[in-house]
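The structure appears below as structure tokens.
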Amino acid sequence: MGTTSKIFPLALAKGTEKLCEVCQRRAYLQCTECGVTFYCETEHQQADWVGIHERICQLLVPIRTSMPGSCWWNSDVERHLKKLIEICRLVAESKLSEGKHQEALPAAQFYLRCSMDVHGPNTTQLVPAYLLLADANMRKERSQTGSPETRLFSAEWIVFRNPDCSHAIHHRLHRSLGRLNVLTGNLDAALMNFANDVYIACEEYGLDSIILSDGYFLMAGVFAKQGKMPITRSLYSEVARTWHSHLTKLVEAQIQNAWDPDMMEPSYAKCIEVDEMFSTMLEFEQNDSRKDSAQVALVACCLAMVWLLGGDSLKALGFCNTALQASQLIPNHDLTESIRSLLQLAQRLQPEPQPDSH
């Protein structure tokens with residue numbers, strides 16, 4: 001968890017004060033590993049260590065100990081900051097995908113700070129960082145890094161002032177605003193945001209994009225809250241169809257690579273995120289009085305492929321069985337044979353039993 005030592009005010013240069021890395025209040029502790037990062041309390045140090053500091057501790061030393069105006073500062077600081085930006089972005093996204101929302105906050109916060117240092121305030125390059133930090137805040141009730149509204153309003157203002165922002169930024173902004181409106185109970189506004197998200201994502205990525213289908217999934221969730229089940233069911237069907245096509249291609253590519261673990265896609269964190277989405281859809285179908293066996297088979301088949309690609313063949317095996325049971329309720333169902341093939345693959349990939357050591 002890293003260690004800290006007390007700051008001795010007399011050891012600081014006159015007129016200087018150290019601020020907490022997490023909350024920007026006056027600091028009383030410093031990281032003993034790097035000596036250039038400070039905290040107001042042990043709780044914030046531990047949160048920062050787990051969230052991001054363990055990954056970037058030593059990378060901060062040359063940046064925070066070099067003198068502005070020096071040759072090194074002018075030539076290398078920006079390069080180091082860009083490396084930090086990428087690390088923090090990847091860590092924050094991974095932790096959000098895994099559902100570790102509190103742990104994602106320090107990485108998302110530092111991502112924004114480094115982006116400001118490199119690109120300056122109120123530039124379009126800050127929008128992804130604002131959106132990532134807003135998403136982390138939205139999924140956690142209490143945070144030291146500011147409300148999601150504040151982060152989203154900052155992103156919205158930058159986009160408003162820069163109408164030439166890419167479609168990718170516009171769609172992500174509308175998606176985040178939609179999530180915020182769901183959180184605050186403004187479902188009509190959420191639908192409007194998600195509709196804009198879907199329209200822009202379609203323009204940018206095409207009709208068969210999984211990015212577009214994720215927007216459909218969010219819209220379906222709002223319609224479900226409004227009790228509009230036929231629309232919800234229709235959108236979930238579209239999401240499952242798009243993801244099934246995408247995952248089938250990935251599985252086929254993996255089979256051609258002789259199921260090389262180094263070629264696995266998506267990441268485990270992404271698998272958790274997609275699992276949550278499809279589990280919601282599967283529960284919706286299984287609890288529906290008009291239970292659609294074909295849709296249950298399709299969604300369970302997607303979950304099986306997700307976990308085969310994620311390297312968990314045991315989970316995949318369970319979903320294969322669910323998919324097969326549902327498909328067998330439909331005479332001559334077109335997925336039955338492909339589900340049987342997936343089942344055989346999952347069985348073949350089961351780990352060998354370990355010999356008894358006794």
Side-chain angles (χ1 to χ4, degrees), residues 22-23 47 51 88-89 91-112 126-160 165 168-201 210-229 231-233 235-236 239 269-270 272-284 287:
V22 174
C23 66
C88 292
R89 180 185 67 80
V91 169
E93 289 177 347
S94 176
K95 289 183 179 294
L96 279 179
S97 294
E98 293 174 23
K100 299 176 180 178
H101 310 138
Q102 184 67 41
E103 290 184 17
L105 285 169
Q109 184 182 26
F110 204 71
Y111 173 32
L112 177 59
L126 301 186
V127 174
Y130 274 124
L131 296 180
L132 191 58
L133 188 53
D135 283 348
N137 274 286
M138 271 189 275
R139 304 183 202 188
K140 192 68 186 174
E141 290 183 4
R142 180 177 175 272
S143 169
Q144 296 288 344
T145 59
S147 69
E149 292 92 340
T150 301
R151 304 303 182 183
L152 286 178
F153 291 159
S154 297
E156 196 172 16
W157 175 244
I158 292 173
V159 171
F160 175 77
C165 280
I169 285 179
H170 277 281
H171 111 77
R172 287 185 60 190
L173 175 61
H174 282 293
R175 186 165 294 188
S176 292
L177 288 168
R179 284 185 168 129
L180 177 63
N181 281 312
V182 170
L183 193 66
T184 57
N186 193 344
L187 299 185
D188 288 337
L191 279 177
M192 181 63 71
N193 287 129
F194 290 145
N196 286 328
D197 161 26
V198 164
Y199 175 78
I200 297 167
I210 58 172
I211 295 174
L212 172 64
S213 75
D214 290 352
Y216 285 145
F217 174 77
L218 293 169
M219 289 185 75
V222 177
F223 283 120
K225 288 177 182 291
Q226 293 179 331
K228 299 176 180 177
M229 297 311 171
I231 302 176
T232 303
R233 190 176 298 107
L235 288 169
Y236 279 164
V239 173
K270 185 63 177 177
I272 294 175
E273 184 178 14
V274 177
D275 176 272
E276 183 178 350
M277 178 176 70
F278 277 108
S279 294
T280 299
M281 294 165 58
L282 187 60
E283 183 179 1
F284 174 85
N287 293 337

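Listed by chain and residue number, Lys95 satisfy the salt bridge (charged side-chain N to carboxylate O under 4.0 Å, His left out) test with Glu103 (two or more places apart in sequence, or in another chain). Residues satisfying the salt bridge (charged side-chain N to carboxylate O under 4.0 Å, His left out) test with Arg172, not counting sequence neighbours, are none. With sequence neighbours excluded, no residue forms a ring pair (Phe, Tyr, Trp, His ring centres under 6.0 Å) with Tyr216. For Ala155, the side chain to side chain contact (heavy atoms under 4.5 Å, CB included) partners two or more places apart in sequence, or in a different chain, are Val127, Tyr130, Leu131, Leu173. In terms of the side-chain hydrogen bond (donor to acceptor under 3.5 Å, both in side chains) criterion, Asn196 has no residue partners (sequence neighbours excluded). Partners of Phe153 by side chain to side chain contact (heavy atoms under 4.5 Å, CB included), not counting sequence neighbours, listed by chain and number: Glu149, Glu156. With sequence neighbours excluded, the residues forming a side chain to side chain contact (heavy atoms under 4.5 Å, CB included) with Asp197 are His171, His174, Arg175, Phe194, Ala201, listed by chain and number. Ser94 meets the side-chain hydrogen bond (donor to acceptor under 3.5 Å, both in side chains) test with Glu98; sequence neighbours excluded. By the ring pair (Phe, Tyr, Trp, His ring centres under 6.0 Å) test, Phe223 pairs with no residue at all, sequence neighbours left out.
Looking only at side-chain heavy atoms (C-beta outward), Lys228 and Val222 stay at 4.5 Å or farther from each other. Two residues are said to be in side-chain contact when any heavy atoms from C-beta on lie closer than 4.5 Å; Thr280 and Tyr236 meet this criterion. Contact check for Ser213 versus Ile210: side-chain heavy atoms found under the 4.5 Å cut-off.
Looking at every heavy atom in both residues, Pro148 comes nearest to Ala134 through CB-O, 3.7 Å. Ala107 and Cys88 make their closest contact through O-CB, 3.4 Å (heavy atoms, listed as atom of the first residue, atom of the second, distance). Closest approach of Leu96 and Ala136 over heavy atoms only: CD2-CA, 3.8 Å. Minimum interatomic distance between Glu273 and Ser97 (heavy atoms only, all atoms of both residues): OE1-OG, 3.1 Å. Closest heavy-atom contact between Ala190 and Val182: CB-CG2, 3.6 Å. Heavy-atom minimum distance, Leu132 versus Ala92: CD2-CB, 3.5 Å.
Here the CG atom belonging to Asn181 is positioned 11.0 Å from the OG atom belonging to Ser176, to the nearest 0.5 angstrom. If you take OG1 on Thr232 and NZ on Lys225, they are separated by 11.0 Å, rounding to the nearest 0.5 Å. In this structure, CD1 in Ile200 is found 13.0 Å from CD1 in Ile211, a value given to the nearest 0.5 Å. To the nearest 0.5 Å, the span separating CZ on Arg179 from CG on Leu218 amounts to 5.0 Å. One distance of note links CG of Leu191 with CG of Asp188; it measures 6.5 Å at 0.5 Å rounding. Between Leu126 atom CG and Ile158 atom CD1 the span is 5.0 Å, to the nearest 0.5 Å.
Atom CE of Met229 has more than 12 heavy atoms from other residues, nucleotides or ligands within 6.0 Å. The environment of Glu276 atom CD is sparse: at most 12 non-hydrogen atoms of other residues, nucleotides or ligands sit within 6.0 angstrom.
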